[in-house]
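One structure is given below, encoded as structure tokens.
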Amino acid sequence: MLTGQKIEFNYKDNNYKGIFISSDDEKTTVKLDNGYNITVRNENIKIKNVYGNGKKREDIKIKSIEKHGKNNVCILTTGGTIGSSIDYETGAVKPVKDISYLYNYVNNIDDYHLSHKNIDNILSENVNPEKWINFARKAKEKMDNNNSVIIFHGTDTMQYSASALSFMFEEQTNPIIFTGSQRSSDRPSSDAFTNIEGSIHFSSTDIGEVGVAMHSGISDNNISLHRGVRVRKMHTSERSAFKTVDDSEIAVYNNKNIIFNSEYKSTGKNNILNDKLNDNVSLIYFYPGIKDEDFYNTVYNKDAVIIMGTGLGHVSDSIIKTIKKLSKDVHFFMTSQCIYGGVNLNVYSTGRELLKANVIPLYDMLAETAMVKAMYLLANYNDSFVNLMKTNLRGEINNRILW
Amino acid sequence: MLTGQKIEFNYKDNNYKGIFISSDDEKTTVKLDNGYNITVRNENIKIKNVYGNGKKREDIKIKSIEKHGKNNVCILTTGGTIGSSIDYETGAVKPVKDISYLYNYVNNIDDYHLSHKNIDNILSENVNPEKWINFARKAKEKMDNNNSVIIFHGTDTMQYSASALSFMFEEQTNPIIFTGSQRSSDRPSSDAFTNIEGSIHFSSTDIGEVGVAMHSGISDNNISLHRGVRVRKMHTSERSAFKTVDDSEIAVYNNKNIIFNSEYKSTGKNNILNDKLNDNVSLIYFYPGIKDEDFYNTVYNKDAVIIMGTGLGHVSDSIIKTIKKLSKDVHFFMTSQCIYGGVNLNVYSTGRELLKANVIPLYDMLAETAMVKAMYLLANYNDSFVNLMKTNLRGEINNRILW
Amino acid sequence: MVIDMKIGLEIHFQLKGNKLFCSCSTEGEKTDFIIERKMTPVMSELGKIDNAVKYEQMRDRTFVYYSSDNSCLVEKDEEPPHDVDYEALKTAVVLSMALHCKIVDYVSFMRKIVIDGSNTSGFQRTGVIGMDGYIKTSKGNVRISAVTLEEDAARKIREDIDRAEYSLDRLGIPLVEISTEPDIIDQEHALETAKAIGYLVMSTYKFRGEVDSIRQDVNFSMGYGRVEIKGVSRLSFIRDTIDYEVTRQMSLKEISDILKIKGSEISDFNDITYLFKNTESSMIKKAIKTGKSVFSAMITNVNHLMKYGNYHLGKEFADVARNMGIGGMMHSDEFPGYGISDDELNSVYKLLSRGDNDSIIIVLTYKNNIGALAGLLRLRLNKIINMDLAETRAATEKGETKYLRPLPGRERMYPETDIPLFEINKSLLDEANNLIPETMEEAKLNLNNKYKLSTVESDAVINNSLYSTFVKLIKIYNEPKTVARLLLQTVPELEKKYNSKIGNENLIKILNIAKNNGWDRSNIEKALEIFTVKKININELIKMDELKSLSDEEIREIINKLIINNSINEKNIIPSFKKETNSTFNAKKVIEMYKKLKNTH
Amino acid sequence: MVIDMKIGLEIHFQLKGNKLFCSCSTEGEKTDFIIERKMTPVMSELGKIDNAVKYEQMRDRTFVYYSSDNSCLVEKDEEPPHDVDYEALKTAVVLSMALHCKIVDYVSFMRKIVIDGSNTSGFQRTGVIGMDGYIKTSKGNVRISAVTLEEDAARKIREDIDRAEYSLDRLGIPLVEISTEPDIIDQEHALETAKAIGYLVMSTYKFRGEVDSIRQDVNFSMGYGRVEIKGVSRLSFIRDTIDYEVTRQMSLKEISDILKIKGSEISDFNDITYLFKNTESSMIKKAIKTGKSVFSAMITNVNHLMKYGNYHLGKEFADVARNMGIGGMMHSDEFPGYGISDDELNSVYKLLSRGDNDSIIIVLTYKNNIGALAGLLRLRLNKIINMDLAETRAATEKGETKYLRPLPGRERMYPETDIPLFEINKSLLDEANNLIPETMEEAKLNLNNKYKLSTVESDAVINNSLYSTFVKLIKIYNEPKTVARLLLQTVPELEKKYNSKIGNENLIKILNIAKNNGWDRSNIEKALEIFTVKKININELIKMDELKSLSDEEIREIINKLIINNSINEKNIIPSFKKETNSTFNAKKVIEMYKKLKNTH
């Protein structure tokens, strides 16, 4: 049977009509005429009649793009919750072919000329450095053609991708705004629509940086623009999961207004993209009882290792010994698993030992950002690698933590 | 020369008196009569006279213990910032031999009969499962002798130790309160004194759990008591670094009053301690670009692996493949690197694949707590290991996340 | 006139315990923490937007949610739902069995789109548990089409034109919906069916039993389309509501017959505020003062139909307007009135070129709000002319009905992918099988035979849904007659007299005290009255002078007195003892003490 | 009488730019965000608690800190200090060099314990940069004992007995402390030395130059112990303060001589509130009404000494009390007074058995506060009798001094382990060497020879610390006489007249405009006055009618007119032109245009 075909069937001695949805070895799912799906064991159901060819999804009428304004914005979809819809029959997530239906739901949309390009279709946990290069190149193409860029991206690794593009673009002519949704866009309560609304507005500013636009709080009123290198997903499920860590957000969008909360780099005249990455970098989380050999095996052949140490940036004495053995060949950098606050290796003897072992403290750089930054610098600035790691390039090091 | 000896010396043609502090191959440090230390290159200093035998530290008068009240509280010091003092001459951290000087600084101290035992002297980044067993046995000894127990501990891994003791004690006759300080107790602004004050008060309740008592905010007014299995150090340096994640704190201490914010387990009649741990457990942080072979090498020989996945608890497809290969021999558990919020493997296809690969989601259990819990259960309840991992034993799984 | 009615019921029962998809309790109160949300209409799996959903979209309201102490991130739509609550699911299976339904092998929860804000997610989660059962009634079996298990909606606190406020305390409470086929033949039959179903549910130990725990929807048709009447609040209103709807539809049929011949059209709205610059109508003056404008439109050929017969056409239009947040529609059948002068009326009539058969309607509202009204009124007029009255209506507190929204279609249902299929396995079925409640007939037999209640008493217990309470109380205080009287008479009378609920739990506590202190019916009634009036802690009751039990010393004294008077034996000691005192006492103790004391004399 | 005075100075200069141990700016304002802290006395590396620290411990106050927009976690003591600010360190090296000091090879920062709350950490970070230098004065070289670099304290906003409030805006500003040996021989010499040092600091480009940027402490002794006088706010007060202290110590010496013979003792305090139940003293009535009590103690043998000669013993005791938060001490030398009746006085005297030579003191305070007072007064009395007056005193706004706290010892210094040793290497020394400012003598020569100022003008520029400003302004507007007049006369007069600061930056802006628009001195003075009065945006000045420059057209017109009159050549064009207009003009342009135009005629 085909999904969508009408069927007549018998279940536990009663006859029913419905639409066939799916079946596997054990069970069959049918949509009844009242709209409910029921799932029953195959041994309990007898199909008596099948007709029709399966019904295709009818597309909803969309606003005409031609009506829209002069601000060119290109939405690049990469997959993830926001740019995808669920196929209710198979449960699979598919990219939305034509996202223009979204236009119906976004305020103030008529000021923009939107275009759309599907550049990938993956859940963001599968995004990797190779994908970042692709995203960056596609973004450059669009900016070269006078577009601001919004990237629909799964929220799981959005912060890593935003960091990657932040570093890879040395200069950019337009804003690049990552956005996503924590509630899928197939539900009325989705945060996608307001996140998109905010993103579109941010995309018309002169911010020459890579940002992440997501809900500020769990209400639908404010959308925050976070600096790509300073944002972290801090909650598994809330709309407001994304937080700028140890710094101010770039801006907040509220009811067609943008309020800037911190300084930002303005758009430049050219798009300068360094699209090389060296992914021979490890990010490793220290914990009591971690095995020296596990640590050694993970790091010995790497070009750079980002350690998420405890507190101000510490690891056990035995790990320090291992680091000392390797630090001629491997660059070690220290961040903290505390997430908030800076590392400081001057305060305790462990820190001073780490400094002696050539471990470089990265102050308040996020561990995830440090990992991406190392990939970027190793590939493009190998000669001044360590020095540039310690230097603030895109706002990833904030020398003033205010709270 | 000995530290503390008086010296006369010449520096750049001027003569000075002072006290010798220290020297190494390059430089010498001297305390001048005005109290300042100066450090000079060895080639610029000429020692002309040395006398005396070095001055010993004079101990301050302490309050007599005999005066104190009837509530028996034993403070176990393990090292760390709070139970140590810096040796200004060498820069080394040493355990305080007699912590009773602290009594001078703690309000309401006369209601308690304090005793003190130094059970270790390490920076907490060097604490490991073997140490936890020692801490637990010492705590039991003291509780068996009718003492409440306060454990002075370095803040870096305090949450891990508190989790370990939480699990190892199935029943306890007295509260066990971990406390520490973010500012060392040798400075007037140290948080140690108010943390101790709060801890002593918490120790006189009927809380039959293991808690962590630290500053609630960056002011000195409130001390929070966190459940050991739900607390996380969330800031590298602030007094208020410790936060209860996704739950309410047990209690708050303010000006001699304790306000309870959540239910707790009362003290029991016996001290039941399971003092075995199996440390063949890994905690691993997933990130885009993580190498399959690194993942494999770290986990293939473990009894249990705690994964800090992205978002609701995801990893890339290629890691899932590796997990599928190993999951007959290795138990995999999923937590989230978002820190806040629960994992849920029902929502996305990646999650459902992980379930198929036998990965067990741990809802809102902290990754660090999960790691410790696995060590505990593997050693003591190997038969019902997986089932107990999913079961709330000490408040480590909170089925209601309120904000 | 015999009307061929088809009536179906959908009855919703709240279950107590935990919420359906999280670990929050069903009991709790709202807090002051609020969140604000928007809802966006989305497509179903078949790519359509439901009519009811489109209607809400047009209203474009902001929704405010007050958190409650029994809500967590799940109710805030900030976390995926947890696994379905096992107890609630089991209860739904029990009821499906009691109603002779086929139980599904797996429960698939669906999302039913509702964007009036009553669900933070924008949908209600609901799953079929049983299908195709029946319930016996005096007029034959009424078929049960489905037993579904769903989450209750948020509780509406207030709403206005651009904003609705809800509390999250009710959101997520498990709700068993039992829907019948349209086999019910009249008002009385509907009432009987509702009672029979309600009886079954209330007999399960998971029934919540608070105010508002039962909500009844009536599906009604008499040939002019199906009308779904939401929220009939009390059993007895089922009858009133159907009566009202019959009258309404019959009246509209007459109007339709007239208009089909004459035809009728509605003009656009004109801003006629300027005509009322010097009006003496206080209502209009006040509206203009608050920034509203006066709008008017003409409906041709409905003069004298707006106020016609038993039901008024004007009400149909006013309902549509009120639903848009525009209250107080006036029409020319009511003029002169509202303080509007003849001059003003004439200038309006002139402006709109009103003919003698035409009606003028006037509304007072803000300019922003008038947009869609004319179109909606035309839709309504056409529905009436064509007598296609199918729609969702709301039951009112007066037993009437009012327009709510278009009927929803199956487009608003799609699978809840966050919740895995739940298999109803044999162990669950076995568990459920042991919990099937007695039917009403079985219960009546029990009351008559086992507890020796009269038929009148038995019927009263059953009809007032007091059977399970009765059984529970009997286990504490084994005096069936007394307990029946308390439930049927004492408690309702006291509650009415003092306008204060006593509550089952308090009744249980008092009966426990009564048992331990040897209280008789009059003591209990006295205690209940004191408790109701003074609202003291129940444990204080025994200390009241009126209710204080005699101390051992006092009992001994009285017995001694009785023994000395030589008039008593073991059989008459208690009545004799009672005559001697107004205080309460433990009869067992009196007898024991008497046995001891008689030997000492 | 010749007094053998020993005077030393410690002068603190704020540097601008970043704070010393974080990246916050030195400029910013307080916010409303507060934190509350306690301070705990701790032991030094030698295991002692400093006396000054013990004194603060006894007061046990709560400290409140207002955050500022120029503070971060470092100022809140919530994060370890960052590396030392390189610019500040370099400036300290520059000054050490200018003062001929030996520079240390490595800077070791120390923690200097201060628990009056003025540092959130409980200590001030400070490090020696240079030692053993000197500065030339007219009375010989004054040796410089040390140049240290330290962080400024938090700014006190208010304080009372159990609470002090600070703003964090000032905390952490780099402070160069220059301390001299006690080589200064008298008041005038102190003034001269302070000026010479100040001159050097102000000549560095990093000097902050705001109100309160310089704070002077005076170390003074005349044989009765070293008195450290904190916070002499103005240069001229150095003299007054020393005068006051000389008078004080001489008077106390006389009193001491008397009391050494007679002896003197202080009783405990008695609560004598009950004696004042019906008092007519409004002061005492008010105190009792606010919950205070009346306490009294007796000091034997000091009658008529409490108010004695030029300086009053009573003030010594009152200072101690005020420092404890107990203001308004009364003593019997002042009675009758304060509305206290003879009867009341007599009953107090009787109660305390006052003899004719004894003095009674009365204080009004809360019962909790009286505890330590008698003990502290006894300590004070003994200090005076033994003439060991060493202590820390505060300079007042009136040029007097008052008791602050005991002298601190070296116990309060221990190493700051959070900051690594900072090596002063050759490259830093070379950099610094190039930045050493001219000495005062060099500057005077410059003014006389290079800029042709008169000796009077030169001295005035130097003495008013205007040299570096003068040099800066000359680079913009190269008219030394005009600039000198502006600095010495115009600006101070305008500032005084309108009570409004003009500020160097504004002066620079105006001179830039003057240069570009060919303004002369009178134009500039006009502009300054308009700016001071109207406080308009400086760029608006050129648009004012009074200051508007002539347009090209207007210039051409005037030149044409002059040329036609045939009376001008290149040399007299400017004066001639000036006569023709009151507006300002660019002289260069006039000359150029004249050259062009003269040929066209």
Side-chain angles (χ1 to χ4, degrees), chain A residues 81 91-93 123-129 131-132 154-157 160-161 232-238 241 279 281-291 294 297-298 308-318 336-344 348-350 352 367-368 371 375, chain B residues 81 91-93 123-129 131-132 154-157 160-161 232-238 241 279 281-291 294 297-298 308-318 336-344 348-350 352 367-368 371 375:
Chain A
T81 308
V93 171
L123 294 166
S124 78
E125 52 268 36
N126 290 318
V127 168
N128 56 30
K131 300 283 184 185
W132 296 335
T155 57
D156 267 28
T157 65
Y160 296 89
S161 297
R232 195 173 187 285
K233 189 175 184 182
M234 290 300 298
H235 198 284
T236 60
S237 61
E238 284 185 354
D279 71 352
V281 173
S282 256
L283 175 62
I284 195 158
Y285 197 92
F286 170 80
Y287 56 92
I290 189 171
K291 302 272 183 293
D294 288 344
N297 288 336
T298 306
M308 293 179 79
T310 60
L312 288 168
H314 302 139
V315 294
S316 64
D317 287 345
S318 59
S336 175
Q337 59 188 250
C338 294
I339 314 293
Y340 289 90
V343 300
N344 188 322
Y348 293 100
S349 57
T350 299
R352 292 188 285 261
E368 296 85 350
M371 191 268 293
M375 287 187 181
Chain B
T81 308
V93 170
L123 294 166
S124 77
E125 52 269 34
N126 290 318
V127 168
N128 57 29
K131 300 283 184 185
W132 296 335
T155 58
D156 267 27
T157 65
Y160 296 89
S161 297
R232 194 174 187 283
K233 189 176 184 183
M234 290 299 298
H235 199 284
T236 60
S237 61
E238 284 185 353
D279 71 352
V281 174
S282 256
L283 174 61
I284 194 156
Y285 197 90
F286 170 80
Y287 55 93
I290 189 171
K291 301 273 183 295
D294 288 345
N297 288 338
T298 307
M308 293 179 79
T310 61
L312 288 168
H314 301 139
V315 295
S316 63
D317 287 344
S318 60
S336 176
Q337 59 188 251
C338 293
I339 313 294
Y340 290 90
V343 299
N344 188 321
Y348 292 101
S349 57
T350 299
R352 292 188 286 261
E368 296 85 350
M371 192 269 292
M375 288 186 181

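Residue numbers begin at 1 in each chain, while the letters A, B, ... track the order of the sequences.
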Against chain B, work out which of [options] has the most heavy-atom pairs shorter than 4.5 Å and name it.
| options | answer |
| --- | --- |
| A:L283, A:D279, A:V281 | A:L283 |
| A:Q337, A:K291, A:M234 | A:M234 |
| A:L312, A:N344, A:T310 | A:T310 |
| A:D317, A:I290, A:T155 | A:D317 |

Selection from B:C338, B:G341, B:G311 maximising heavy-atom pairs under 4.5 Å formed with chain A =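 Result: the option with the highest number of such pairs is B:C338.
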request  = May I ask you to name which of B:S237, B:S336, B:S161, B:G342 has the most heavy-atom pairs under 4.5 Å with chain A?
outcome  =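 Highest number of heavy-atom pairs under 4.5 Å: B:G342.
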task = Indicate the atoms forming the closest heavy-atom contact of B:S282 with A:Y287, along with that distance.
result =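 Looking at all heavy atoms of both residues, the shortest contact is CA-OH, 3.3 Å.
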key: Closest approach of B:G289 to A:P129 (non-hydrogen atoms, all atoms of both residues)   =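 Heavy atoms of B:G289 and A:P129 come nearest at CA-CD, 3.8 Å.
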Rounded at 0.5 Å granularity, tell me how far [atom1] in [X] sits from [atom2] in [Y].
| X | Y | atom1 | atom2 | value |
| --- | --- | --- | --- | --- |
| A:S318 | B:N126 | OG | CG | 7.5 Å |
| A:T350 | B:E125 | OG1 | CD | 3.5 Å |
| B:M371 | A:Y285 | CE | OH | 9.0 Å |
| A:S316 | B:N128 | OG | CG | 8.5 Å |

inquiry  = Among A:N297, A:D294, A:I284, exactly one meets side chain to side chain contact (heavy atoms under 4.5 Å, CB included) together with B:T298. Which residue is that?
reply    =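 Passing option: A:D294.
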request  = With a 4.5 angstrom heavy-atom cut-off, could you sort out which part of A:S124 is near chain B: side chain, backbone, both or neither?
outcome  =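 Answer is neither: A:S124 stays 4.5 Å or more from chain B.
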Toward chain B, the part of A:Y160 with a non-hydrogen atom under 4.5 Å =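 Side chain only.
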ask   = B:K131 versus chain A, heavy atoms under 4.5 Å apart: side chain, backbone, both or neither?
value =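 Looking at B:K131, nothing touches chain A.
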